[in-house]
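Worksheet for the structure shown next.
Counting starts at 1 for both ligands and their atoms, in listed order. Computed over heavy atoms, backbone and side chain alike; hydrogens, waters and symmetry mates excluded.
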Amino acid sequence: MRVGVLTGGGDCPGLNAVIRAIARKAERHYGDSVIGFLDGWRGVVEGEFIEIDVNHMRGTLPRGGTVLGTSRLSPRMYDDGIDRVRATMETTGTDALIVIGGEGTLSAGVAVCEAGAANVVGVPKTIDNDIGLTELTFGFDTAVGIATAAIDRLHTTAESHDRVMVVEVMGRHVGHIATWAGIAGGATLTLIPEEPFDIGAVADAIVRRHQRGRWASIVVVAEGARPKEGTMELPQPETDQFGHVQLGGVGQAVASEIEARTGYDTRVTVLGHIQRGGTPSALDRVLCSWYGIAAIDAVHEGDWGSMMAFRGGEIVRVRLADAVAELKPVSPALYDVARAFFP
Ligand code: F6P
């Protein structure tokens, strides 16, 4: 077979590890040839690709980013995008397309597959961990590790100066990174999109903690966290060229409010793309290798429209359309664990 691969959306650690695993089993076990489309769906729509083999992927297991490049372009952004995908599949002789991406990239995969333009198999990627029907997307564990390490560092400087430290982490619609890193890092409070916050209650909680003699506080805020309606103003986010809302600013806004309401010295740290860069964790390397092997197996079983999912300690297949139908929120039970440590 001739198998195409693309990586779309925001990058994350582990993309290369997935491609490497696909190349390995495709070439050594199935005798396939593999091509990698450049910059996500752009490469498919515009017919730009490179040949991928085991040698090409050597040494890439620990390397962050993606050797294929990525973008947020989707066939739906072109008038004739789906037809162009079909044409690329035909001219390149590509029998199957493994789509590695988050919600936007995978949804485009559903559209392409349902239109019969390509035989699609999906792999769930995103540091946000917000794809449905899988307990873990790859990249998430690495991001949580980076955020936790940052919080650990902020504890000591916060304690030295008796300061409140607000840490803004990624998580546009859901607060998985914030919740996990907040629990792992021993945060005082964690604010997530799923639970609109009351800034007055946030300030009161910090004052309560200070009254008990604990001067330093760490407040973890997911970039998509929002105040309860009418309680606080946030800066209006901008939109990039792909119509993707650029979040950010909630950490600064929360820090300013805390300082104004409590009088405590407050600083903000925005972790931003540091959470997406660099080498994948050991867990992500294993998960990515497993996802890649499972994806090429699904291709050889002709399981089009399937997505690899991590459930109950195994990789299983779910329907891609079902997985992207709804984003996966933080489990209320897990958020209650974080909440148990709030002042
Ligand atoms: O890929 C997910 C993500 O990292 C989100 O957590 C974040 O909001 C967004 O991407 C940032 O996108 P960009 O890199 O395009 O600014």
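A salt bridge links Asp303 and Arg319; the closest N-O separation between the charged side-chain nitrogens and carboxylate oxygens is under 4.0 Å. A salt bridge between Lys25 and Asp297 is present, with a side-chain N of the basic residue lying under 4.0 Å from a carboxylate O of the acidic one. Salt bridge status for Arg163 with Glu259: absent, with no side-chain N to carboxylate O gap under 4.0 Å.
From the protein, the heavy atom lying nearest to atom 5 (C) of ligand 1 is Asp128 OD2, 3.4 Å. For atom 12 (O) of ligand 1, the closest non-hydrogen atom of the protein is Arg72 NH2, 2.9 Å. Nearest protein heavy-atom contact of atom 7 (C) of ligand 1 is Glu223 OE2, 3.2 Å. His273 NE2, 3.4 Å is the protein heavy atom nearest to atom 16 (O) of ligand 1. Scanning the protein heavy atoms around atom 11 (C) of ligand 1, the nearest turns out to be Arg276 NH1, 3.5 Å.
For the 3.5 Å distance criterion, the side chains of Ser33 and Arg2 qualify, holding a donor opposite an acceptor.
Residue contacts with ligand 1 for Gln275 are absent, since no atom lies close enough (heavy atoms, distance under 4.0 Å). Neither the backbone nor the side chain of Gln246 has any atom closer than 4.0 Å to an atom of ligand 1 (non-hydrogen atoms only).
For ligand 1, one of its N or O atoms has an N or O atom of Arg172 under 3.5 Å away.
The minimum heavy-atom distance between Ile127 and Ala143, with the atom names listed, is CB-CB, 3.8 Å.
Applying the side-chain hydrogen bond (donor to acceptor under 3.5 Å, both in side chains) test to every pair with at least one member in residues 213-229, sequence neighbours left out, gives these pairs: Arg209-Ser217.
Residues Asp162 and Tyr264 are not in side-chain contact: their nearest non-hydrogen atoms beyond the backbone lie 4.5 Å or more apart.
Residue Gly171 places a heavy atom less than 4.0 Å from ligand 1.
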